[in-house]
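Following: one structure in structure tokens, then a few remarks.
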Amino acid sequence: MANNNVTSAPKKKSHGAEIWHRFKKNKLAVIGLIVITIMVLAAILAPLIAPYGFDEQNYSETFIRFSPKHPLGTDNLGRDILSRLLIGSRVSLTIGFIAVGIGLVFGGLVGAIAGYYGGTVDDILMRIIDIIMAIPQIIFAISICSALGPGLVNTMIAVGIAGAPNYARILRSSILSVKQQEFVEAATAIGASDFRIITKHIIPNSLSGLIVQASMGVGRAIISAASMSFVGLGIQPPNPEWGAMLSFGRTYFRDYGYMILYPGLFIFIAVLSMNLIGDGLRDALDPRLKR
């Protein structure tokens, strides 16, 4: 009789499955992922789940701290704060993610060119990056937004460009090590173009540090956008945005502190969640933790 008791070799996990397995071990990172997922879903569904319009006014219900109709209260114009927070989450989270995308594109391009070509090109580009990084990121973003003017698109551009130097430096340092690998030398030997080598071979193998930085950069972008809205350079009223709501509520801070409590709490939760995700990704993508 044939022997049917042959033990099959265990199926090897894919690279993505291994990363997810290590990520799940960080309970705080998983909590952060759950929270930010809920916030993103709430932002997407905000027009459907918000009980009122973001600019719907009712002067007979001003400064309500709590009621069944208004769980988080109303402001001085009788607008429902919960509705404004939900609609505002669309703006704040959109700025956070798109600004990081802009920073990744510009910063990644500069870092890739500097790291791959090296020499004089690297020196010139990195000295420019050094000069930009000498300026505090929020001050640089405010300067750009002042030149472009307030508004959603200009705020995203300003925050994205201000954060680009961080991504440029990280990608450059990764490329400096990756470009010495054998597969890059092989691609060069068979005559592959510089563009193909950078985009198909070097950048995909240099993304781990960039992914971690980008996940944490979303939180920084949310804070930067909120700061600019707070000083009047970001999102303009009556459009709701967490920073703009903080700015609007500071006038009534002494008597109606809840008007700034909830926007501040939403900013805190979103930024903390993204930082926890970034911390979990850092551990999951670290090759030294592979078992």
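Bear in mind the structure is a predicted one, so any value in this text is a computation, not a measurement.
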**Request:** Keeping the roles fixed (side chain from Thr74, backbone from Glu61), state whether a donor-acceptor pair exists under 3.5 Å.
**Result:** yes
**Prompt:** Are the side chains of Leu93 and Ile222 in touch, meaning some heavy atoms are under 4.5 Å apart?
**Reply:** yes
**Item:** Under 3.5 Å donor-acceptor, Arg84 side chain and Phe54 backbone
**Value:** yes
**Item:** Cluster overlap Met126 with Ile131, hydrophobic side-chain contacts below 4.5 Å
**Value:** no
**Message:** Keeping Glu185 on the side-chain end and Gln181 on the backbone end, is there a donor-acceptor pair under 3.5 Å?
**Reply:** no
**Message:** Holding to side-chain hydrogen bond (donor to acceptor under 3.5 Å, both in side chains), I want the full list of residues that pass it with Thr120, two or more places apart in sequence or in another chain.
**Reply:** none
**Message:** Give me the atom names and distance for the closest heavy-atom approach of Val100 to Ala221.
**Reply:** CG2-CB, 4.4 Å
**Prompt:** Just wondering, do Gln137 and Pro165 contact through their side chains at under 4.5 Å, heavy atoms?
**Reply:** no
**Prompt:** According to a 4.5 Å side-chain heavy-atom criterion applied to Ile, Leu, Val, Met, Phe, Trp and Tyr, with indirect links allowed, do Val105 and Ile175 form part of one hydrophobic cluster?
**Reply:** no
**Message:** Just verifying a value: how many Å separate Leu246 CG and Met259 CE, rounded to the nearest 0.5 Å?
**Reply:** 10.5 Å
**Asked** Are more than 12 heavy atoms from other residues, nucleotides or ligands located less than 6.0 Å from atom CZ of Phe106?
**Response** no
**Request:** May I ask you to decide if Tyr52's main-chain N or O and Ser83's side chain share a donor-acceptor pair within less than 3.5 Å?
**Result:** yes
**Message:** Between Tyr116 and Val121, is there a side-chain heavy-atom distance shorter than 4.5 Å?
**Reply:** no
**Asked** Are Ile138 and Ile142 side-chain neighbours, meaning at least one heavy-atom pair lies under 4.5 Å?
**Response** yes
**Message:** Donor-acceptor check, side chain of Ser247 to backbone of Phe230, threshold 3.5 angstrom: yes or no?
**Reply:** yes
**Prompt:** Any idea which heavy atoms bring Leu85 and Pro263 closest together, and the distance?
**Reply:** CD2-CA, 3.8 Å
**From Ile49, Asp80, Ile81, residue fulfilling side chain to side chain contact (heavy atoms under 4.5 Å, CB included) relative to Leu86** = Ile49
**Asked** Which is it for Val159 and Met156 under the side-chain contact (heavy atoms from CB on, under 4.5 Å) test, yes or no, and what are the steps along the way?
**Response** CA-CA 5 Å; Val159 174; Met156 291 189 293; over 6 Å; no
**Asked** Looking at Ile95 and Ala225, what are the two nearest heavy atoms and their distance?
**Response** CG2-CB, 3.4 Å
**Message:** When you group the ILVMFWY residues by side-chain heavy-atom contacts below 4.5 Å and let the links chain together, are Ile64 and Tyr262 in the same group?
**Reply:** no
**Asked** Under a 4.5 Å cut-off applied to non-hydrogen side-chain atoms, are Asn76 and Thr62 in contact?
**Response** no
**Item:** Closest non-hydrogen atom pair, Asp283 against Asn26
**Value:** OD2-ND2, 3.7 Å
**Request:** Take Ile31 and Leu276 through the test side-chain contact (heavy atoms from CB on, under 4.5 Å) and record every step on the way to the result.
**Result:** CA-CA 8 Å; Ile31 292 173; Leu276 291 176; 5.5 Å; no
**Message:** To the closest 0.5 Å, what do you measure between SG (Cys145) and CZ (Phe140)?
**Reply:** 12.5 Å
**Message:** Donor-acceptor check, side chain of Arg172 to backbone of Gly115, threshold 3.5 angstrom: yes or no?
**Reply:** no
**Prompt:** What do the steps show when you test Leu72 against Phe66 for side-chain contact (heavy atoms from CB on, under 4.5 Å), and what is the final call?
**Reply:** CA-CA 6 Å; Leu72 300 185; Phe66 168 81; over 6 Å; no
**Request:** Taking side-chain hydrogen bond (donor to acceptor under 3.5 Å, both in side chains) as the test, write out the residues that go with Arg254, two or more places apart.
**Result:** none
**Prompt:** Nearest heavy-atom pair of Pro238 and Arg79: which atoms, and what distance?
**Reply:** CB-NH1, 4.3 Å
**Spatial distance of atom CG (Asp130) from atom CG (Leu125) [nearest 0.5 Å]** = 11.0 Å
**Asked** Any side-chain heavy-atom pair from Phe268 and Trp242 closer than 4.5 angstrom?
**Response** no
**Item:** Spacing of CD1 belonging to Ile128 relative to CG belonging to Asp123, to within rounding of 0.5 Å
**Value:** 11.0 Å
**Least distance between heavy atoms, Ile144 atom then Ala162 atom** = CD1-N, 4.5 Å
**Request:** Taking the side chain as every heavy atom from C-beta outward, state whether Met133 and Asn166 have any pair of such atoms under 4.5 Å apart.
**Result:** yes
**Message:** Counting only heavy atoms not in Phe253 (residues, nucleotides, ligands), do more than 12 fall under 6.0 Å from its CZ?
**Reply:** no
**Inter-residue atom distance Leu272.CG - Ile277.CD1, 0.5 Å rounding** = 10.0 Å
**Check: Gly234 main-chain N/O paired with Gln236 side-chain donor or acceptor under 3.5 Å** = yes
**Prompt:** Say you draw a straight line from CZ of Arg196 to OG1 of Thr188; how long is it, rounded to the nearest 0.5 Å?
**Reply:** 12.0 Å
**Request:** Would you list the pairs meeting side chain to side chain donor-acceptor pair (under 3.5 Å) in which at least one residue belongs to residues 91-115, sequence neighbours left out?
**Result:** Ser92-Glu241
**Flag, side chain of Asn154 to backbone of Leu148, donor-acceptor distance under 3.5 Å** = yes
**Co-membership, hydrophobic cluster, residues Leu45 and Ile36, 4.5 Å side-chain** = yes
**Message:** Hydrophobic clustering (ILVMFWY, side-chain heavy atoms < 4.5 Å, transitive) - are Leu176 and Ile197 grouped together?
**Reply:** no
**Prompt:** For Tyr117 and Asp122, what are the C-alpha separation, side-chain angles and deciding distance, and is it a side-chain contact (heavy atoms from CB on, under 4.5 Å)?
**Reply:** CA-CA 7 Å; Tyr117 290 104; Asp122 183 26; over 6 Å; no
**Asked** How about Tyr59 and Leu77: do any of their side-chain heavy atoms sit closer than 4.5 Å?
**Response** yes
**Asked** Relative to the ring of Tyr252, is the ring of Phe248 parallel (under 30°), tilted (30 to 60°) or perpendicular (over 60°)?
**Response** tilted
